[in-house]
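The next block holds one structure in the form of structure tokens; read it before the comments.
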Amino acid sequence: MAYENLRIEIENNITLITIDRPKALNSLNMVTMDALSQAIADLQANTEVKVIILTGAGEKAFVAGGDISAMQPLGPMDARKVAQKAQQLFNDIEYGKKVVIGAINGYALGGGCELAMACDIRIASDNAKFGQPEIKLGIIPGWAGTQRLPRLIGKGKAKELMFTGDMISAEEAVQLGLANQVVAQSALIATAKQMAEKIAAMPQVAISLIKEAVNNGIEMESQKAFSYEAELFGLCFATEDQKEGMGAFLEKRTPEWKDR
Ligand code: CO8
């Protein structure tokens with residue numbers, strides 16, 4: 001299936017999605033957002049796929065935001081609809097079963113930073129720049145940036161970035177906890193693939209339960225979150241992989257995961 005403005009390659013249980021609209025710095029217009037929503041839904045349902053890597057085409061931008069020319073004429077109801085649609089897409093990425101790694105190859109601004117934050121892990125190239133410059137357009141972040149950014153880096157620094165619209169470097173993003181690591185641009189996709197391969201070699205039911213425990217638990221009061229974790233921990237003992245993993249350890253052999 002063809003997805004407009006996306007390139008999709010599947011190899012060894014790992015999918016590389018490249019947002020491919022370099023003439024507009026891979027900014028997200030509606031067509032591209034719809035294609036990405038469809039691709040994420042299809043890949044979440046594809047049993048061949050274990051880990052998804054998301055990147056941008058070219059060496060300049062991951063995603064330079066929502067498409068400002070498409071956004072400029074919107075009225076309030078349509079703008080709200082666009083925000084809701086993007087938020088749904090980003091939730092499908094964050095709360096979906098499969099691990100999504102953002103390979104941030106350049107500008108990740110506005111909606112691009114918000115998309116990066118929806119990924120489970122962010123690996124940045126040394127030229128990457130992160131920011132929420134919406135204030136300079138007379139608006140606020142609307143694709144969950146006001147919520148995901150403070151959760152990742154704390155309220156004070158998040159407010160500073162949103163009030164000033166300043167961009168930060170990949171190194172600063174790592175220091176703040178916005179990116180996991182920074183690598184040379186030439187090594188970005190290989191590094192993301194290496195991490196994806198490591199995760200794809202793990203038992204996938206347990207991987208998806210870790211996502212659930214972290215994503216949902218962090219929103220709960222701590223005692224409730226601990227009980228929730230215990231429930232999910234208990235669920236692991238209904239899987240073949242728990243029997244295989246512990247059996248293999250005791251028999252001193254490599255486990256063969258069934259992902260069930
Ligand atoms: N939207 C549309 N076009 C864009 C965008 C964008 N977000 N970013 C860059 N472009 C286009 C430029 O207009 C330019 O097009 P052209 O060649 O036709 O003039 C081309 O990409 C190259 O960009 P520049 O010439 O500006 O490249 P520079 O290297 O000089 O600058 C920057 C790079 C700093 C990244 C600069 O392009 C910039 O500031 N871009 C805008 C960043 C931004 O403000 N992003 C936030 C947007 S708001 C948002 O994301 C909220 C959600 C919006 C909802 C949208 C609903 C559809």
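Start at 1 with the first residue, then count along the sequence. In listed order, ligands and their atoms are each counted from 1.
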Query raised in the report: Salt bridge or not for Glu160 and Lys157, using N-O below 4.0 Å?
Result: yes
Query raised in the report: To the nearest 0.5 Å, how far apart are CD in Glu172 and CD1 in Ile153?
Result: 9.0 Å
Query - Side chain proximity check, Phe163 to Ile135, heavy atoms < 4.5 angstrom - result: no
Query raised in the report: Does a salt bridge link Arg253 with Glu244, judged by any charged N lying under 4.0 Å from a carboxylate O?
Result: yes
Query raised in the report: Going by an N to O cut-off under 4.0 Å, is there a salt bridge joining Asp120 and Lys211?
Result: yes
Nitrogen or oxygen contacts under 3.5 Å, ligand 1 side and protein side:
residue  : atom   : partner : partner atom : Å
ligand 1 : 1 (N)  : Gly66   : O            : 3.4
ligand 1 : 1 (N)  : Ile68   : N            : 2.9
ligand 1 : 7 (N)  : Ala64   : O            : 3.0
ligand 1 : 7 (N)  : Gly66   : O            : 2.9
ligand 1 : 21 (O) : Lys23   : O            : 3.4
ligand 1 : 27 (O) : Lys60   : NZ           : 3.4
ligand 1 : 29 (O) : Lys60   : NZ           : 2.7
ligand 1 : 45 (N) : Ala64   : O            : 2.9
ligand 1 : 50 (O) : Gly66   : N            : 2.6
ligand 1 : 50 (O) : Gly111  : N            : 2.8

Query raised in the report: Quick one: does Arg21's side chain get under 4.5 Å of Val63's, heavy atoms only?
Result: no
